[in-house]
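Within every chain, numbering begins at 1; the chains are lettered A, B, ... in the order of the sequence lines, protein sequences first and strands thereafter.
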Amino acid sequence: MPLRRIGYPCVSLLINRTTNHETILRTGAPEKLRGLIAQNLADLRAILEHNLAHDWRLFRIGSSVIPFGSHPVNTIKWWQEFKDELRSAGKFARANDMRLSLHPGQYTVLNSPDAAIVSRAIAELTYSARFLDELGMDSSNKIVIHLGGTYGDKPAAMRRFCETVNTLPDDLRHRIVIENDERSYSPADALAVSKQTNLPVVFDNLHYTANPGEGQLEDLLKQIFATWKKRDGHPKVHFSSQAQGRKLGSHADQAEPAEFKKWVKRWGAFDEFDLMLEAKHKDKALLQIIPSTKKENL
DNA sequence: GGAAGTCAAGTCTCG
DNA sequence: CGAGACTTGACTTCC
């Protein structure tokens, strides 16, 4: 079963554009933020056009595309001010069978025992979902998050995650997918949470290597692919290679070809799927691993 | 004018 | 129990 779409996160090194122009809180006045949003949306458009030329139809938008998007310092009604740019970018993506995503950072923790932290996490997810909504993208365009901390009691932390997710509005919940991480939550843990919440699971090969957890790989993959229902679109995976000589879990500059082929074959045994390449060299790494625009060459 | 330090947020590890 | 890592461009301060 073929690899359907491929892509990379946030930044194109080939055309030197990024959807993550940002600033620091002290200088986050409305005029400054407005300029950064305009820059991010212009770069998003340029990146999507560049990606189309290479047949790259998956892209992760930087979570600072609207800087301080969930912080009170940002009072801009960006969905009104940038309505034309947002709609046009979304229309371009849909017309070209592109799939977009967002991935809030390490500070977005839904299972914290601290209610204020949970509330800020929900605000970040709400903003992220709104961004995809304003582009006009359907619920197969996802927000990827990790499960959070363990706080010395992982079962309780997983229960808190599920309880919080199940209180979210349907529209928001249908945007969220969970990813196995390199330290705390293995694919089996993510599957257990998926059973309680119906959230699809993104499988990350490097995190799996660092933190395999329980279960046999082929069986885990089969179950994980099955968490993607019709409204979620095709299963999605993250691929990266280990950076040699660096900490376990650090992304390498490029994808290691033999390893890439091995995983693509493994995933392809179950279903058509989309693959996000998480290499430090971004789209340069994509060009290297798949020199032709034809994925069929794999 | 270039180098070094700082920046919203959280969690975990190390010393 | 407090500092640093995680990750990274933009900005400020230091020299």
Side-chain angles (χ1 to χ4, degrees), chain A residues 8-13 15-44 47 60-76 102-128 143-158 160-161 164 178-186 189-190 204 206-207 210-211 213 238 240 242-243 245-253 276-285:
Chain A
Y8 60 97
C10 307
V11 179
S12 166
L13 295 183
I15 61 168
N16 193 29
R17 300 271 199 156
T18 171
T19 55
N20 249 345
H21 297 285
E22 57 192 345
T23 187
I24 57 175
L25 192 56
R26 278 206 315 285
T27 57
E31 268 322 301
K32 176 76 186 180
L33 295 176
R34 207 167 263 128
L36 291 168
I37 296 168
Q39 221 178 337
N40 283 330
L41 294 179
D43 280 11
L44 172 61
I47 286 173
R60 179 191 304 161
I61 299 165
S63 50
S64 300
V65 64
I66 308 295
F68 296 114
S70 66
H71 190 284
V73 76
N74 189 334
T75 55
I76 296 171
L102 284 154
H103 193 353
Q106 61 195 316
Y107 303 111
T108 300
V109 184
L110 267 187
N111 74 342
S112 173
D114 182 336
I117 292 169
V118 176
S119 152
R120 284 193 286 269
I122 293 172
E124 181 71 10
L125 293 172
T126 303
Y127 137 69
S128 304
I143 304 165
V144 182
I145 56 171
H146 291 288
L147 293 168
T150 55
Y151 315 91
D153 185 349
K154 196 153 91 167
M158 287 166 75
R160 276 200 307 278
F161 183 94
T164 300
I178 50 180
E179 181 185 351
N180 61 304
D181 69 62
E182 66 201 59
R183 188 160 56 185
S184 304
Y185 293 100
S186 67
D189 295 329
D204 182 302
L206 189 60
H207 295 162
N211 177 25
H238 290 173
S240 59
Q242 170 67 39
R246 296 198 51 223
K247 222 188 78 166
L248 193 61
S250 300
H251 292 156
D253 293 345
M276 180 77 70
L277 177 65
E278 295 185 320
K280 287 210 287 185
H281 286 184
K282 310 288 182 185
D283 52 343
K284 276 165 72 179

Problem - Rounded distance in Å - CG (A/Asp114) to C1' (B/dC12) - result: 16 Å

Problem - Same-atom distance (C1') from C/dG4 to B/dG5, integer angstrom - result: 15 Å

Problem - Spacing of A/Lys32 atom NZ relative to C/dA10 atom P, expressed in whole Å - result: 9 Å

Exercise for the section: Identify which nucleotide among B/dG10, C/dT12, B/dC12 has an atom closest to any side-chain atom of A/Arg120, counting heavy atoms from C-beta outward. Expected result: B/dG10

Practice task
Quick one: label A/Ser112 by what it contacts on the DNA or RNA (base, sugar-phosphate, nothing), any heavy atom closer than 4.0 Å.
Solution key: sugar-phosphate

Practice task
Take atom CG of A/Asn111 and atom C1' of B/dA9, then tell me their distance rounded to the nearest Å.
Solution key: 15 Å

Exercise for the section: Please say whether the positively charged group of A/Lys284, taken as NZ for Lys or CZ for Arg, lies over the ring of A/Tyr8, i.e. under 6.0 angstrom from the six-membered ring centre and within 45 degrees of the axis. Expected result: no

Exercise for the section: State whether A/Arg26 places a side-chain N or O below 4.0 Å from either non-bridging phosphate oxygen (OP1 or OP2) of C/dA10. Expected result: no

Exercise for the section: Using atom CZ of A/Phe68 as one end and atom C1' of B/dA8 as the other, report the distance to the nearest whole Å. Expected result: 6 Å

Handout entry: Under-4.0 Å side-chain N/O to phosphate OP1/OP2 contact, A/Thr108 with B/dG10
Key = no

Handout entry: Exercise: do A/Thr19 and A/Asp43 side chains pair donor with acceptor under 3.5 Å
Key = no

Practice task
Any strand is fair game: report the nucleotide pairing with C/dT13 by Watson-Crick or G-U wobble, both distances under 3.5 Å, or none.
Solution key: B/dA3

Handout entry: Nearest-angstrom distance, P atom, B/dC14 to C/dT7
Key = 16 Å

Practice task
Kindly check if the number of other-residue, nucleotide or ligand heavy atoms within 6.0 Å of CG (A/Asp114) is above 12?
Solution key: yes

Handout entry: Distance, rounded to the nearest Å, where A/Asp153 contributes CG and B/dC12 contributes P
Key = 12 Å

Handout entry: A/Glu22 side chain to A/Ser64 side chain, donor-acceptor N/O pair below 3.5 angstrom
Key = yes

Practice task
Using the P atoms only, state how far B/dT6 lies from C/dA3, rounded to an integer number of Å.
Solution key: 13 Å

Tabulate atom names and distances for all N/O pairs under 3.5 angstrom spanning the protein and nucleotides 1-9 of chain C.
residue: C/dC6; atom: O2; partner: A/Gln106; partner atom: OE1; Å: 2.8

Completion exercise
Mate of C/dT7 across any strand shown (Watson-Crick or G-U wobble, both atom pairs under 3.5 Å) is none

Practice task
For this output row, return yes or no: ring centroids of A/His103 and A/His146 closer than 6.0 angstrom.
Solution key: yes

Fill in the blank from the handout: With A/His238 as partner, the option from A/His251, A/Glu179, A/His207 fulfilling side-chain hydrogen bond (donor to acceptor under 3.5 Å, both in side chains) is A/Glu179

Fill in the blank from the handout: ring-ring contact (aromatic ring centres under 6.0 Å, His included) filter on A/His281, not counting sequence neighbours, yields none

Problem - Nucleotide opposite B/dA9 in a Watson-Crick or G-U pair, distances under 3.5 Å - result: none

Exercise for the section: Taking atom P in both B/dA8 and C/dG2, compute the distance separating them and give it to the nearest angstrom. Expected result: 22 Å

Practice task
Find the distance A/Asp181:CG to B/dG10:C1' and express it as a whole number of Å.
Solution key: 14 Å

